[in-house]
Colleague: 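The structure's right below; bear with me while I get my questions together.
Every chain is numbered from 1 and lettered A, B, ... according to where its sequence line falls, protein lines coming before strand lines.
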Number of protein chains: 2
Amino acid sequence: MKISEGVEWGAHCLVLLAVLPADAALPTGRLAEYHGVPSAYLAKHLQAMSRTGLLESVPGARGGYRLARPATEITMLDVVEAIDGTTPAFRCTEIRRNGPAAVPAREYRLPCSIHAVMDRADAAWRAELASVSIADLVAMVGEKASPEALRKGAAWLVGALG
Amino acid sequence: MKISEGVEWGAHCLVLLAVLPADAALPTGRLAEYHGVPSAYLAKHLQAMSRTGLLESVPGARGGYRLARPATEITMLDVVEAIDGTTPAFRCTEIRRNGPAAVPAREYRLPCSIHAVMDRADAAWRAELASVSIADLVAMVGEKASPEALRKGAAWLVGALG
DNA sequence: ACTATCCGGATATATGACATCCGGGATGAA
DNA sequence: TTCATCCCGGATGTCATATATCCGGATAGT
């Protein structure tokens, strides 16, 4: 089991965009440069977040991306679902309907018990992700990051936005 | 994100083995036949569960697999970890150390906030899985399955064990 | 001895993740 | 108007992993 690397990139981008002045936007190239990741591929994930309404794209010269709504209203679950999709990790192939114990399809009214358990675990995972917003992450990073790193990041932002 | 199909197979096999008389074992071929899955591939997953101590293998003619401990003491988390591995779904690539805001490695004492959030969600998922035992699943299946399916399954078992 | 079975390794194939590129369209600046 | 950016979607290529199979060696019943 494995989550796409793009989720990490997307989350970091959202955190960076969350500390920008209102209405300011950063283009794909700048976001890629800041995080040291390939620009062409990051674009794919930014487009995905734009499609699901997390980011707003500003076309044209001096355009870029900015948050589509306040950072308090974007959760980590939104990011994961935008980039990794909403398909549950477990897919029941209904193997109970195979083999010698199989009965006609209409008998399988109730969902497979194993399926149900996996779905509950999936729901718990998503609930945990939904409880954390991008704004929460901004606060955490502000507390944890070294002053030096914060200073360098801010200095770069001034250059990128100017 | 996606869980190996083998987890479903493994869980169903454990449930079937849990209803066997004590000390009775079923070989790979029978387990595969009962669930309608390829025997050679199922063997891989059974071996994995054997290595992690969920199953006990009985070598030699008329051997097979049986539970290594009571069904009440085998959880769904055990199954998932045996077959899908214990590696967390999210892997932090520390992209905060890239780009213009990077500082010397010794400055990154505290874990990445995004990483921390993903780990908490992963823990919630595992906790949910750990709260359900194979014995619980046997009970659920007993309640939910159609009497007809249970009868056919039992009949097949009598033949397979005889 | 013979047969049935587990076990590990080697191998083949398919699926999806990762990564890049290009053409089209939209926007603002010159 | 013209031009330089920039977003967007599709096509493409590469690579890692999941899926699936097979074989030889070891082991235990008959």
Side-chain angles (χ1 to χ4, degrees), chain A residues 1-10 13 17 23-33 35-66 68 80 82-85 87 89-91 93 95 160-162, chain B residues 1-10 13 17 23-33 35-68 80 82-85 87 89-91 93 95 160-161:
Chain A
M1 195 197 32
K2 160 179 136 176
I3 291 177
S4 164
E5 192 181 15
V7 170
E8 185 185 7
W9 300 5
C13 285
L17 291 173
D23 289 345
L26 274 183
T28 304
R30 295 293 189 180
L31 286 168
E33 178 188 349
H35 294 109
V37 300
S39 170
Y41 191 34
L42 176 62
K44 275 261 180 295
H45 300 309
L46 295 175
Q47 285 168 27
M49 291 193 290
S50 175
R51 270 194 299 276
T52 55
L54 304 187
L55 288 180
E56 209 170 44
S57 70
V58 182
R62 298 194 63 74
Y65 286 100
R66 64 183 169 218
V80 169
I83 293 175
D84 224 49
T87 312
F90 180 83
R91 286 135 322 142
T93 60
I95 68 175
L161 291 172
Chain B
M1 195 196 34
K2 159 180 133 173
I3 289 178
S4 164
E5 190 181 16
V7 170
E8 185 185 6
W9 299 5
C13 285
L17 291 173
D23 290 345
L26 275 183
T28 304
R30 295 294 189 179
L31 286 168
E33 179 189 348
H35 295 108
V37 300
S39 169
Y41 191 34
L42 176 63
K44 276 261 179 293
H45 300 310
L46 295 175
Q47 286 169 25
M49 290 193 290
S50 175
R51 269 195 300 277
T52 57
L54 303 188
L55 288 181
E56 210 170 44
S57 69
V58 182
R62 297 194 66 74
Y65 288 99
R66 64 182 166 218
L67 298 191
V80 169
I83 292 174
D84 222 49
T87 311
F90 179 83
R91 285 133 324 141
T93 60
I95 67 175
L161 292 172

Colleague: Would you say the side chain of Leu31(B) lies within less than 4.5 Å of the side chain of Val37(B), judging by non-hydrogen atoms?
Modeller: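 Val37(B) vs Leu31(B): side chains apart.
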Colleague: Under 4.5 Å between any side-chain heavy atoms of Phe90(A) and Ser4(B), yes or no?
Modeller: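 Heavy-atom side-chain distance check fails, nothing below 4.5 Å.
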Colleague: Summarise how protein sits on nucleotides 14-22 of chain C as a single string, 5' to 3': B when a protein heavy atom is under 4.0 Å from the base, S for sugar-phosphate-only contact, - for no contact.
Modeller: ----BBB--
Colleague: Please output the side-chain donor-acceptor pairs of residues 53-66 of chain B that fall under 3.5 Å, not counting sequence neighbours, one pair per line with the distance.
Modeller:
residue, atom, partner, partner atom, Å
Glu56(B), OE1, Arg66(B), NE, 3.0
Arg66(B), NH1, Asp23(B), O, 3.1

Colleague: First contact, last contact: which nucleotides of DNA chain D are these for chain B, 5' to 3', heavy-atom distance under 4.0 Å?
Modeller: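 The footprint of chain B covers dT19(D) to dT30(D).
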Colleague: Indicate, with a heavy-atom threshold strictly under 4.0 Å, whether Arg30(B) touches base, sugar-phosphate, or nothing.
Modeller: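 Answer is nothing: Arg30(B) stays at 4.0 Å or more from every strand.
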Colleague: I need the residues from residues 58-66 of chain A with at least one non-hydrogen atom less than 4.0 Å from DNA chain C; give them sorted by number, or say none.
Modeller: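 Of all residues in residues 58-66 of chain A, the ones placing a heavy atom under 4.0 Å from DNA chain C are Pro59(A), Gly60(A), Ala61(A).
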Colleague: Indicate yes or no: at least one non-hydrogen side-chain atom of Leu26(A) is less than 4.5 angstrom from one of Leu161(A).
Modeller: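 Side-chain contact under 4.5 Å: yes.
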Colleague: The criterion is side chain to side chain donor-acceptor pair (under 3.5 Å); which residues satisfy it with Ser39(A), sequence neighbours excluded?
Modeller: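 Residues passing side chain to side chain donor-acceptor pair (under 3.5 Å) with Ser39(A): none at all.
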Colleague: Within a strict 4.5 Å, meaning less than it, do heavy atoms of the Glu8(A) and Arg91(B) side chains meet?
Modeller: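 Heavy-atom side-chain distance check fails, nothing below 4.5 Å.
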Colleague: Please table the atom pairs, donor to acceptor, closer than 3.5 Å between any side-chain atom in residues 44-51 of chain B and protein atoms at least two apart or in another chain.
Modeller:
none

Colleague: Restricting to salt bridge (Lys or Arg N to Asp or Glu O under 4.0 Å), what partner residues turn up for Glu33(B), sequence neighbours left out?
Modeller: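 Here the qualifying residues are Arg30(B).
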Colleague: Donor-acceptor check, side chain of Asp84(A) to backbone of Ile3(A), threshold 3.5 angstrom: yes or no?
Modeller: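 No, Asp84(A) side chain to Ile3(A) backbone: no donor-acceptor pair under 3.5 Å.
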Colleague: Tell me the closest heavy-atom pair linking Gly10(B) and Ile83(B), and the distance in Å.
Modeller: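 Smallest heavy-atom distance, with atoms named: CA-CD1, 3.9 Å.
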